[in-house]
Amino acid sequence: MYFQVLHRLNPKSGDYERYCCLKESFRDTTGTVRNRTILTTGFQMQELSFDELQLVAKGLTSLYNRQKSENQELFKDIDEPLPANVNAYIQQYWAQIVKGKRLDIVDKAIKALEKKASKMVDSDSIKHKDARDVGTEWICLQALRELGMEDFLRQEGWDDKSIRTAIAHLIIRTVYQPSELNSLAYMKENSAVCELLGFEN
């Protein structure tokens, strides 16, 4: 754990003072470093030096590690004896963390990210065996329908299949500008225009 230290205007004193948040860093399933706020202590601990502030963070970390492993000796990673005011803040904040049930907040965050990651698709694992373009074809189809092309051809006596075939060729020639012979190849291999017009595979 560590304290994120900011300087903000304290409305009570009217001065810019140290404003602290206790945070813990962790890595998610992708290896990205993230952090969670364990406790906001605000404008407290103004009388402590920066080194003493770090001792409070170390003491809270030691307590946190101890609750995970009963065999771990309390404050064994802190060399010097703790000043009374530092120890008082440690006990005060630890009580708030326990009361607020903030001990497992990082574990919960990791589990939530793992659950979210399990629902994601790895794009590198996807193989497109029959990928087709559809965007420009759809726009052309909507434009032709706005112009009433299908209704016009129907009034001229064309049947539905002939209308759809003509529309498909018109879209392919507009989008890809192939030769008449290659139009069929684009319909078969590249474009989703046949699916848009309801042709069966």
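None of these values were measured; they are calculated from a predicted model.
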(request) Please name the pair of heavy atoms, one in Cys20 and one in Val5, separated by the smallest distance, quoted to 0.1 Å. (result) SG-CG2, 4.2 Å
(request) Check whether any side-chain heavy atom of Arg18 sits under 4.5 Å from a side-chain heavy atom of Phe43, and report yes or no. (result) no
(request) Quick one: pull up CG in Leu141 and CE in Met149 and give me the separation to the nearest 0.5 Å. (result) 11.5 Å
(request) Determine whether Asn85 and Leu48 make a side-chain contact, defined as any pair of heavy atoms from C-beta on separated by less than 4.5 Å. (result) yes
(request) Check whether any side-chain heavy atom of Glu24 sits under 4.5 Å from a side-chain heavy atom of Asn35, and report yes or no. (result) no
(request) Enter the distance from Ser162:OG to Leu153:CG here, rounded to the nearest 0.5 Å. (result) 9.5 Å
(message) If the threshold is 4.0 Å, N to carboxylate O, is there a salt bridge linking Arg154 and Asp160?
(response) yes
(request) Check whether any side-chain N or O of Gln142 sits under 3.5 Å from a backbone N or O of Ile139 as a donor-acceptor pair, and report yes or no. (result) no
(request) Please examine the side chains of Leu144 and Glu150, heavy atoms only from C-beta on, and report whether any two atoms are closer than 4.5 Å. (result) no
(message) I need the minimum non-hydrogen distance between Tyr16 and His7, along with the two atoms involved.
(response) CD2-O, 4.2 Å
(request) Before giving the answer on side chain to side chain contact (heavy atoms under 4.5 Å, CB included), spell out for Cys21 and Phe3 the whole-Å C-alpha distance, their side-chain angles and the decisive distance to 0.1 Å. (result) CA-CA 5 Å; Cys21 295; Phe3 278 108; over 6 Å; no
(request) Could you tell me the separation between the CD1 atom of Ile97 and the CD atom of Gln92, rounded to the nearest 0.5 Å? (result) 11.0 Å
(message) If hydrophobic clusters are built by linking Ile, Leu, Val, Met, Phe, Trp and Tyr wherever their side-chain heavy atoms come under 4.5 Å apart, do Val56 and Val98 end up in the same one?
(response) yes
(message) I'd like to check Pro83 versus Leu55 (side-chain heavy atoms, cut-off strictly below 4.5 Å). Are they in contact?
(response) yes
(request) Indicate yes or no for a side-chain donor-acceptor contact from Ser62 to the backbone of Lys58 under 3.5 Å, with no hydrogens or angles considered. (result) no
(request) Would you name the heavy atoms of Glu137 and Ser191 that are closest together and state the gap between them? (result) OE2-OG, 2.8 Å
(message) When you compare the side chain of Leu22 with that of Leu60, does any pair of heavy atoms fall below 4.5 Å?
(response) yes
(request) Any chance you could measure Ile171, atom CD1, to Thr136, atom OG1, to the nearest 0.5 Å? (result) 10.5 Å
(request) Could you tell me whether the side chain of Thr174 reaches within less than 4.5 Å of the side chain of Leu170, counting heavy atoms only? (result) yes
(message) Side chains of Tyr19 and Gln44: any donor to acceptor distance under 3.5 Å?
(response) no
(message) Go through it in stages, so that I can follow the logic: the residues are Arg8 and Glu17, the test is salt bridge (Lys or Arg N to Asp or Glu O under 4.0 Å), and I'd like the CA-CA distance, side-chain angles, deciding distance and then a yes or no.
(response) CA-CA 6 Å; Arg8 295 183 178 180; Glu17 298 179 355; over 6 Å; no
(message) Side-chain heavy atoms nearer than 4.5 Å, only ILVMFWY residues, links allowed to pass through others: does that put Tyr2 and Tyr89 together?
(response) no
(request) Take Val175 and Val193 through the side chain to side chain contact (heavy atoms under 4.5 Å, CB included) test and state the conclusion after the steps. (result) CA-CA 11 Å; Val175 175; Val193 67; over 6 Å; no
(message) How close do Met1 and Thr61 get, counting heavy atoms only, and between which atoms?
(response) N-OG1, 3.0 Å
(message) Could you go through Asp15 and Asn10, starting from their C-alpha distance and side-chain angles, then the distance that decides it, and tell me whether this counts as side chain to side chain contact (heavy atoms under 4.5 Å, CB included)?
(response) CA-CA 6 Å; Asp15 297 326; Asn10 188 336; 5.7 Å; no
(request) Return yes when atom CD of Glu47 has more than 12 non-hydrogen atoms of other residues, nucleotides or ligands closer than 6.0 Å, and no otherwise. (result) yes
(request) Decide yes or no on side chain to side chain contact (heavy atoms under 4.5 Å, CB included) for Ile38 and Tyr93, but give the supporting numbers first. (result) CA-CA 10 Å; Ile38 305 298; Tyr93 295 146; over 6 Å; no
(message) If you define the side chain from C-beta out and look only at heavy atoms, does anything of Trp94 sit under 4.5 Å from Lys99?
(response) no
